[in-house]
Structures are given as C-alpha cells and as structure tokens.
Amino acid sequence: MSSGISFAVNGRGVTAQIDGAATLLDVIRNDLGLTGTKEGCTEGECGACTVLIDGKPVHSCIYPAVSVDGHSVVTIEGISDGETGRAVQEAFWDAGGIQCGFCTPGFIVTVAALLENNPAPSEDEVRIALAGNICRCTGYSQILDAVEVVVSGKERA
Amino acid sequence: MTIVGERFRRTDGEPKARGEAIFGVDYLPQGTIHAVLLRSPVPSGRIVGLDVSAAKAMPGVRAVISAADVPDTRAGWVLREQPLFARDRVRYEGEPVAGIAADTLEQAREARDTIRLEIEETPAVVDLDYALSEDSPVLHPEWESYVPTLGEYPRGRNVAAECISDPEGVEEAFEAAERIIEDEYRVQRQYQAYIEPKGAVAIYQGGRYEVHTAHQFPFNVRDRIAQYLDIRPSQVRVIGHTIGGGFGAKLDASIEPHACALSRAAGGLPVKIVNTRTEDMITCPSREDAITRIRTGLDKDGNMIARELVVIAGNGAYSGEMPWLASIALHCARGVYRAGPTRVKSFLVYTNTAPTGAFRGVNGVYLYHAVERHMDHIASVLGRDRREYRLQHLFEPGEVLLNDQVLDDAGILGEAFDAVEEAAPWEERLAATAGPMKGVAIGAAWWVTNPMPGTATVKLNEDGTIGVITAATDNGSGAVNLGITQIVAEKLGVQPEDVYVTMPDTDAAGFDAGSQGSRTTRIVGKAASIASDEVIGKIKQTASELLEAAPSDIVIADGKVFVAGSPDSGLTLGDVAMAATWSVGPIQGTGSFLTPFPDFNPGCATGLMFPSFPTPTYHVHLAEVEVDPVTGAVKVTRYVVAQEVGKVISPNGVYGQVSGGVTQGIGYALYESLRIGEDGRYQERNLENYRLPLAVDIPRVEFSPLEHPDPDGPFGAKGVGENSVLLGAAVIANAVVDAIGVPIDRLPITPEVVLKAIAAKHSAAVA
C-alpha cells in the first residue's frame, strides 16, 4: 500500500509517494539519492544509518517512513549546514576519528545531536551517547578525541 | 623530515566526514538490475531437485542461473575445490545454489521464493576432533582430484592441510622432565563485522567482465572470477571502491563471480548483489574455531625444556587461503620464549560450516592465547612471578627458531618489556590489582609483515601535484591515504594534500597483493619511494638544464626546484613538469618491491607453506581488568602496548591501528562468538546477538612505539596495522584468571562463563 507523505529533509520540503513498508532509510537512499546515510545491518544495531528527526538521532533503517510525515529530517549531507555539525565533521577528520568511514556519518550525526543538547558532556556521557553506534576500525579513542576537540573548542595538540 | 612522522589528516577524510564518499554498496550505474542468491538452508546434503522454471516466469526477472548454466569448474586461492554454485552436494549452510537477477530487489527476492530446491540432508561434520578422526564422513570424496594452485601439500580425507614438525630430542626432553604441565584451550569463530556488507556490481560487455567492488585484494577477485568462468584473468577488470572495513574478510572473492555470471545471463546489464547482514555473517570467512593442546616439560628448577603444541583448526567446507596459514603454528608454538625441543602438529580440518579465512592476526590470536595462558599456568604451578618467568625464557638477539630462521633483532623484546614497565610498573600494578576481582597480566609476541609484491607509478603533473597509480587498497587503515601519501610527499617535497593515489583498477595498475598482513605502507610505500627516486632524477635533469646547474646541485623542497643555496630563484614543480613534458616527455617513474623470505630450513617440517616471517615485529601488552562478581561482566580498565614499528610514518594512522586492533582483541576475549550449533548452523545470525565492542567498553590504549628502522623499508617502516590484535585474548584472559583465581580455558569470557567459574570455585571450596 502506498501513501503520500510530506516532510523536510535538510531544510527542503519533500513530498513522496511511498510504500507502506518502506523504512526512512529506503526513502533517503533510494528515493532521495542521499547515499551518505549508510545501511549496515537493517536491524537497528550498528547505527550507520543514524539521522536526526526533529533533532533527535534515530536508526533510520528500522524507522517507518510514514512516521516522518510532517517532521524534519537531517542527514549527514545536511549536518554541515549547522555550526556544530561542521565542527564535528572537521574534528573527526582532524583527530583521526575516521578510518574506513562507513560508520562515520552515523557517528557524526549522533555527536552533533549530543552537543546541540549538551555542549559540554563528560567523556562517560559521550561514551553512553555513542552506545548505539558501532565502529569496527578505530577502537573509539580518536572518536572520543574528536568530540573533546569540539567540546574544548581547541585544536588537538 | 617534515612530512614523514608528522600528524596529517588522511586525504580521503573530508568526503568520508561529509557523507560524499561512494562506497562499494553505494555504487549504482545507470540501468543496474538487482540480484540475490538462493543459498543452501542446510549444512550438508545432496541436491535431489532444483526447479527454477517458476522463478524465470516471475515479473521483472532477467536471469536465473544455477550450476547447470555455468562452466563446470572449481576455483580456489590455494586449492581449486569450490564450485560457483553447488552442483550435487551442499557442504555448508549458505552455500550458493542459484542466482536470480531482476529489475528490482523485491522482484528478485519474490522470484527466489518460488524456486523449488530439494535437498536430501546428510549428517553434518561439525566437531573438530570428529572431523579429524577416521569415523567421520569425508566432505570431499573427490579430494584427490582437486588441483592446488601453487604446488601440492599434505592433505587428505577431512584434513584440508597439515604442518608437522617433529625434530629429534623432543621425546627425550619430555622423559628428562621433572614435571609436565598440560593444557587445552578452545576458541570459537570471530566475525570480521566490517560495517559495510559485501557487495558488487558486475557488467558483462564485449567478452569482458567489469567488476566494481570494495575489496582488499582486487587482483585476487580477478583471478578467482577467471577460474570460475574459465577465462583468462585479463578478461576481468576489477575496479575498487571505498571500502567500509574488511579486516581480512574481503581478501578473496565472494559474490563477485556470481554477479559476473548473472550479468552475462542477463545480456550484459549491470548486476548488483549486496549481502544482507545475516547472509554476510553466516557465509563470511570468519576467524577459525580451534582447539589447541599444549604441554611443556619442566626441569627441577622449573625451566621449560620440552614443548608440544597440537592445534586443530576449522577450515569450513572449502579452503580459501587457510592451508597457507596452517604452518603459522610452527612460528608461534613457543610464543617468544625458549622452551627446549619442540614438536608442532597443526591440522586444518574440513567441517560442514562456512569456509573460514583471514582475520587480522591470522591464527596468531588463539595460538598466543594458548601459549600465554599456558605460561601463566606454569608460573602459578611453580609459584613464580609471571613477568619474571617470561623474562627468564625470553628470546635473545640471534635466537634460532624452530625453522632455523634467525632473529638478530629479538633484543627488541626486552626493550618492549622495559617500555611497558615504564608505563605500568609490574610490582606497582600487582599491588594495585591485589584486591578481589581485580587482575593484571602481561604477554609478548612477534609477528610478520606480509612480504608479497606491489608496484606503483608516480607521475608529476603539469600543475605540480603528484599522482600515484597503484592497485594498493586502503581498507580504512590509512596505509594509502596517510602512509603512501606521506612517503611520496616527503620524497618529492610537497604537502600530502598535493598527492593523490588512484583507486585500484586491475586494467591500469600492476599487480598488488592486497591490504593484508600490514604490507601496504611498507611494500607499496617502498615501491612508490623507488618510483619517486626515478621522478626526482628526471626533475633534476630537466631543472639542471633550465637553471644551468649540475643535477647534483638541484634541490627539491616545498614544491620548488632550485639550485642549492638559492631557494628564492628557483622553479615550481609545475614549471619543471611543463618544461619536461614538451621537451623530453612527461615525468613519471615506476617502482616494484617485495620482501624475500628470510632463510629457513625446508626440512624442519612437512607442509611448511608459510616458511618464515619476513620483517618481524615485536610486541608486549599489559591488561588490567575488574570483574563484577554479581553480573560476571569483565571491564578492561587499562591496556598498555609497546610495539616495534620500524618507523612511524603517520602518528594518527599508527595509533588508530593500535587502538582498533586492541579493541578487536578485547572483543575476541570477552564478547564476540560465532558459535556453531550441533546442527552445523551458526547460532549468532545478526548484530543483535553477535556482541561487538562499543564505546562504553573500551579503555584508551596507552601506546609506546618502538622504532628500529628497517633498512629495506620506506624510511625504515615495518608492518603496523595487523599486529595489535595479537595479544588481547592472551592478556585479558590471564588478567581475568588473576582476578577470580579460577582457570578459564575458552573464549570468549562472557559473563556466563565468569559466573560459572566463580560458582565452581565456591562449590569446590565448600566441598
């Protein structure tokens, strides 16, 4: 069954005719062609598909697309429109928080959302906020460094 | 040096941070159709019926193929034993039986559901000891007809490969021993769990196959496709894309050959296959399950005077590269400690399970776990300090190994113990973890840098930037986008941002042995360094004519070319490139490199396929843990690494590798387990129940790089990427045992295992 939905993606209005079973990730990647959001598991476990809905991080691979009707979605492509998002992207790159990069969009979106709500989290708070995102490459250390860079507003020594 | 050894941003970092990087699974050319595979639902059986006629008639379907539609070939890295689609028998759950391509993924799936596959199930061989015994059914009754790709090796029945070293004096040494300590360790499989599932797009056109895949070893994909489809390798062009992690699992072809056959069957339309996570997990060449039996003879003073190590490892249903790796047991049987005459028997056995394969630290992680657990066991029996006992037996400079390889630089091991001692003094840490449910452990290892060949062409562009053409792949480690890039930038006096490295393309670049065994920065970095030397010579020649000076007086630095002493009156690299292009021709150079195997005694063992360890590195790790006696959860509270790297090319890259490798080691020690059920099927089938390390689980790794530059490496570099995973299981298991005072002889050490061990201790105390 298909239904029409209207929502905002990265600040632009979108009207889509979608299959009732479609996930938000399907719509983002396949219908809107925004491939920065990654599909890692389709089980809501790995976090590579994380996007913001009204500022809150969600796993778009298990989020029914129909539910975003009337809401605002921000993907990795839109994160750089915000100052925090840009700073997080820069810091991940600078601190070595990126290796293969497949999990990176999900992490950056998650961190950007965290820092919007809590500009000075403790390291434990950061670790807990990242519990829904899996990185297989870095061992998280340089990701934590990246967050620290943004929080302290300083270049990493 | 201004570039090598300094902290730079990886050159592929910005598109990755912005979500612009196109990974393998993102690649979608115009007109692509989508395919799925019908995989065997059972681990062992005879195919008695396969009817695809309904599927062919389903809407949108472009091609349905099975064994009947493809050449009757067998392919394999080391042994040609695997059919493209199961022909008469299925040998593991998930083995491809048919392929279906349709306009949409949904249509392909719906068509697959209509295929009638009848399999007469046969008993699955699962248990390793059973597989090795004479009682088990033989997985490959036709094993003798299989053709090895690089010469015959010991194999037969369910033994996929064996390596046996039984030198004189072992039995006598055991007989002379005052006491003998024996242990048995069992480990499960570990899934590489890269976040990007495997996928590929194949296009058949003009008698050739073009394959797009995010792969660690594009030339291996090319060769495997050629074997399966019975064509020349040059009829296959493999083009690499950004890789979302691999860790060894993306070293051999998987779904690429099936995509090729489907594209041909579909009239040349681009065919895309992407594994679902469950498919990926249950068919992945995961780290093998293994049983290691180890015993050591001790003299009256407690010195180790005899050793035997027997390992039985699970090959799965087909071999991949595993037979090569069976001899690693010979190189790790004593760890880095003298243990007297040593017998090693390594068996790789067929079971009705997914083929195992390379995972970072191949074979080493469980061998070191066994050796180091055994060392702690011996020390505890003797009442000796565990660190002291290791130092007493530690390899020395000039150590002669079981294969007669000589380790002139084994003294680095002592330096590594010293470096860890400085960071975490042993006596202090023993005192700090003396309380209940706290533990500490230390262990050591040596390892290889993969020596296999690579090549690079370096060109000076007319705008002064540098292009590097190579089939080397960056699996995420930064070996290309930091390592090779920084090496070339240093050589040619430019900034890393002015160097780009092409993505792999087997049509365009020379052979490269893939991102494995920490080889890329060293091997391809050296090849690029040699190529850069040729470019430097040509720059100097051209500039010497333009600047009217001897080539030897020409200096290349900071993007400029000038006569020594006159940096302000020189040319830009672009000026020189332009002048050369229109006078003698464009400036470029090419280099190739590999590391020879160190001398060894070929008579020391049978089945010695991995004969010696080139460019050895040395490692000492220390871990501290806290155990929650109520939940059984283990928390790693501190992790210290001292590691020989030759020369740090990229501090960001090196630390990232160490932290990442240690984390995979922690996962292997505590959480990750791909258990094989008695029915031969994996019990963990998605990332919900396959537990991976999270940010909340991992301490910040303390790291001391040791630098003893290798004269053959680029700026002295040795392998860095792989080896930090080697000792995680060893030191964490020993630290847990130290904490709870009960031996645990299997991995992973889950909360259930810990609670059971603590309960057993209490009931033993009560009894």
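Quick caveat, the model's predicted, so the values are computed rather than measured. We name chains A, B, ... by the order of the sequence lines, and we start the count at 1 in each one.
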Legend entry - Residue pair R18(B), I108(A): steps toward the side-chain contact (heavy atoms from CB on, under 4.5 Å) verdict: CA-CA 9 Å; R18(B) 296 176 63 87; I108(A) 285 175; over 6 Å; no
Inset, instruction - Report the C-alpha separation of R277(B) and T42(A) in whole Å, then their side-chain angles, then the decisive distance to 0.1 Å, and conclude whether the side-chain contact (heavy atoms from CB on, under 4.5 Å) test is met. - result: CA-CA 7 Å; R277(B) 181 54 69 177; T42(A) 333; 5.9 Å; no
Inset, instruction - Begin with the C-alpha distance, continue with both residues' side-chain angles, and end with the deciding distance and a verdict on side-chain contact (heavy atoms from CB on, under 4.5 Å) for Y140(A) and V696(B). - result: CA-CA 9 Å; Y140(A) 304 100; V696(B) 288; over 6 Å; no
Legend entry - CA sep, side-chain torsions, deciding dist, call: C100(A), Y194(B), side-chain contact (heavy atoms from CB on, under 4.5 Å): CA-CA 9 Å; C100(A) 86; Y194(B) 34 81; over 6 Å; no
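Only the backbone of A21(B) comes within less than 4.5 Å of a heavy atom of chain A; no side-chain atom from C-beta onward does. Using a 4.5 Å cut-off between heavy atoms, T242(B) touches chain A through its side chain atoms alone. For S659(B), the parts lying near chain A are the backbone and the side chain together; criterion is any non-hydrogen pair under 4.5 Å. Contact of L34(A) with chain B is not made at all, since no heavy-atom distance falls under 4.5 Å. Within the 4.5 angstrom heavy-atom criterion, only side-chain atoms of F247(B), from C-beta onward, approach chain A. Only the side chain of E43(A) comes within contact range of chain B, judged by heavy atoms closer than 4.5 Å. Only the backbone of E39(A) comes within less than 4.5 Å of a heavy atom in chain B; its side chain stays farther off. With a threshold of 4.5 angstrom between heavy atoms, L482(B) does not approach chain A through any atom at all. When heavy atoms are compared at a cutoff of 4.5 Å, R86(A) does not approach chain B at all. Contact annotation for T104(A): only side-chain heavy atoms (C-beta onward) come within less than 4.5 Å of a heavy atom of chain B. If you measure heavy-atom distances from V25(B) to chain A, the contacts under 4.5 Å come from both the backbone and the side chain. For D26(B), the parts lying under 4.5 angstrom from a heavy atom of chain A are both the backbone and the side chain. For chain A, the nearby part of L692(B) is the side chain; its heavy atoms alone come within less than 4.5 Å.
In terms of non-hydrogen atom pairs under 4.5 Å with chain A, the most contact-rich of K16(B), E14(B), R700(B) is R700(B). Between chain A and the options Q192(B), M281(B), E20(B), E196(B), the largest number of non-hydrogen pairs under 4.5 Å is found for E196(B). Comparing G139(A), A131(A), G36(A), G85(A) by heavy-atom pairs within less than 4.5 Å of chain B, the highest count is held by G139(A). Ranking T276(B), D280(B), I666(B), T663(B) against chain A, the residue ahead of the rest is T663(B), based on heavy-atom pairs under 4.5 Å.
Taking a 6.0 Å sphere around CD of Q17(A), one finds it holds more than 12 heavy atoms contributed by other residues, nucleotides or ligands.
Contacts from residues 66-78 of chain A to chain B, taken as heavy-atom pairs separated by less than 4.5 Å, involve I76(A), E77(A) in sequence order.
Proximity of Q657(B) to C137(A): side-chain heavy atoms (C-beta onward) are nowhere separated by under 4.5 Å.
Listed for the R7(B) side chain is a donor-acceptor partner under 3.5 Å among the backbone atoms of D94(A). Counting only distance, with no hydrogens or angles, the side chain of E688(B) and the backbone of E45(A) share no donor-acceptor pair below 3.5 Å.
Note: I143(A) CD1 to I698(B) CD1 = 11.5 Å, rounded to the nearest 0.5 Å. To the nearest 0.5 Å, atoms CD1 (I134(A)) and OH (Y690(B)) are separated by 10.5 Å. Interatomic distance, CG of N481(B) versus CD of Q99(A), reported as 11.5 Å (0.5 Å rounding).
Nearest heavy-atom pair across I195(B) and C46(A) is CG2-SG, 3.9 Å. In terms of heavy-atom proximity, C41(A) sits nearest to L687(B) at CB-CD1, 3.9 Å.
The ring pair (Phe, Tyr, Trp, His ring centres under 6.0 Å) contacts involving residues 80-116 of chain A comprise F102(A)-F23(B), where partners must be two or more places apart or lie in separate chains.
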